[in-house]
Amino acid sequence: MLFVRHASTPGMRGARFPSGREGADPSSLEAAARLTASLGSFETGPAFVSPARAAWETAVAMGLEPVVVAALAEQDHGRWSGLPYEEVAVREPESFARWLADRDAAPHGGESRSAAAERVARWLDERHEQEGDSGAGRSGSGGGGEGGRRL
């Protein structure tokens, strides 16, 4: 299974919490298309992507057929979604510090990093049970930064 992080977005460049609604930067989509050529041949199969718009756009730019998987969604950052990290650090310094220090914390009212990681890990386990060790399929996700299972 090949894992691909979606192409960059304006929010990523602006150091903002992901919202999943932004499209990818055109230049980064062009880079994704070039990357495909440099990978050479690899096993075909569905390109599992998060519901994030940029993930779908990246798969298409790479010539893949995206299949949206809810379990691969960006971490839900609750009321912080779309806000700059710096703004949150100033407005809610104690909550921001707790979120940084504790992977189980969700002071924003959304999903903790550990909950996002477990969600993706469950999906990976289900895929493994369905497909065995065939390696079929590719996955492109927002995934909440920590990407779920540490392989």
Side-chain angles (χ1 to χ4, degrees), residues 1-26 28-36 38-39 41-85 88 92 95-96 98-151:
M1 186 175 284
L2 173 67
F3 289 88
V4 179
R5 172 74 174 158
H6 67 68
S8 66
T9 66
M12 290 170 74
R13 284 193 335 282
R16 295 177 175 271
F17 282 95
S19 70
R21 295 180 299 272
E22 283 189 305
D25 292 321
S28 64
L29 291 175
E30 292 170 10
R34 287 191 305 273
L35 173 65
T36 303
S38 72
L39 291 175
S41 85
F42 53 91
E43 193 171 325
T44 60
F48 303 112
V49 300
S50 81
R53 182 176 151 199
W56 187 87
E57 291 173 343
T58 303
V60 170
M62 295 178 74
L64 305 173
E65 295 182 29
V67 175
V68 175
V69 177
L72 298 177
E74 294 276 358
Q75 177 185 348
D76 176 4
H77 290 98
R79 70 179 178 276
W80 294 353
S81 292
L83 295 176
Y85 296 115
V88 172
E92 300 182 48
S95 294
F96 187 71
R98 188 169 76 245
W99 176 76
L100 287 172
D102 181 1
R103 61 187 324 250
D104 294 322
H108 41 57
E111 182 179 37
S112 70
R113 292 191 320 272
S114 63
E118 282 304 310
R119 171 173 43 83
V120 174
R122 278 192 304 275
W123 181 81
L124 286 169
D125 288 344
E126 290 169 9
R127 290 291 309 157
H128 180 72
E129 288 174 15
Q130 292 170 1
E131 301 293 329
D133 290 326
S134 71
R138 295 175 215 89
S139 178
S141 170
E146 297 202 21
R149 181 68 44 115
R150 295 178 195 267
L151 301 173

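Heavy atoms only: backbone and side chains are in, while hydrogens, waters and symmetry mates are out.
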Val49 and its side-chain contact (heavy atoms from CB on, under 4.5 Å) partner, picked from Thr58, Val68, Val67, Val69: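 Only match with Val49 under side-chain contact (heavy atoms from CB on, under 4.5 Å): Val68.
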Restricting to side chain to side chain contact (heavy atoms under 4.5 Å, CB included), what partner residues turn up for [X], sequence neighbours left out?
X: Ala33; answer: none
X: Glu92; answer: Arg79, Trp80, Ser95
X: Val60; answer: Trp56, Pro66

State the [atom1]-[atom2] distance between [X] and [Y], to the nearest 0.5 angstrom.
X: Tyr85; Y: Trp99; atom1: OH; atom2: CH2; value: 5.5 Å
X: Leu64; Y: Phe48; atom1: CG; atom2: CZ; value: 11.5 Å
X: Arg113; Y: Leu100; atom1: CZ; atom2: CG; value: 7.0 Å
X: Leu29; Y: Ser8; atom1: CG; atom2: OG; value: 8.0 Å

Is there side-chain contact between [X] and [Y], with at least one heavy-atom pair below 4.5 Å?
X: Val120; Y: Leu72; answer: yes
X: Arg127; Y: Trp123; answer: yes
X: Glu111; Y: Glu74; answer: no
X: His77; Y: Pro18; answer: yes

Tell me whether Thr36 contacts the main-chain N or O of Ala32 through its side chain, where contact means a donor paired with an acceptor under 3.5 Å.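 The answer is yes, because a donor-acceptor pair under 3.5 Å joins these two groups.
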Under 3.5 Å, is there a donor-acceptor pair between the side chain of Arg122 and the main chain of Ala117?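 Between the backbone of Ala117 and the side chain of Arg122 there is no qualifying donor-acceptor contact (under 3.5 Å).
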With sequence neighbours excluded, give me every side chain to side chain donor-acceptor pair (under 3.5 Å) pair touching residues 11-23.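 Non-adjacent pairs meeting side chain to side chain donor-acceptor pair (under 3.5 Å): Thr9-Glu22, Arg13-Asp25.
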With sequence neighbours left out, write down each residue that passes side-chain hydrogen bond (donor to acceptor under 3.5 Å, both in side chains) with Ser112, or none if nothing qualifies.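 side-chain hydrogen bond (donor to acceptor under 3.5 Å, both in side chains) list for Ser112, sorted by chain: Ser114.
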Set of side-chain hydrogen bond (donor to acceptor under 3.5 Å, both in side chains) partners for Glu129, sequence neighbours left out: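 With sequence neighbours excluded, Glu129 shows a side-chain hydrogen bond (donor to acceptor under 3.5 Å, both in side chains) to no residue whatsoever.
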For residues 54-63, pull every pair meeting salt bridge (charged side-chain N to carboxylate O under 4.0 Å, His left out), keeping only residues two or more places apart or in separate chains.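 For residues 54-63, and leaving out neighbouring residues, the salt bridge (charged side-chain N to carboxylate O under 4.0 Å, His left out) pairs sorted by first residue read Arg53-Glu57.
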Looking only at heavy atoms, which two atoms of Ser28 and Ala7 are closest? And how far apart?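 Result for this residue pair: OG-CB, 3.2 Å.
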For Ala70 versus Arg119, what's the shortest heavy-atom pair and its separation?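 It is O-NH1, 3.9 Å.
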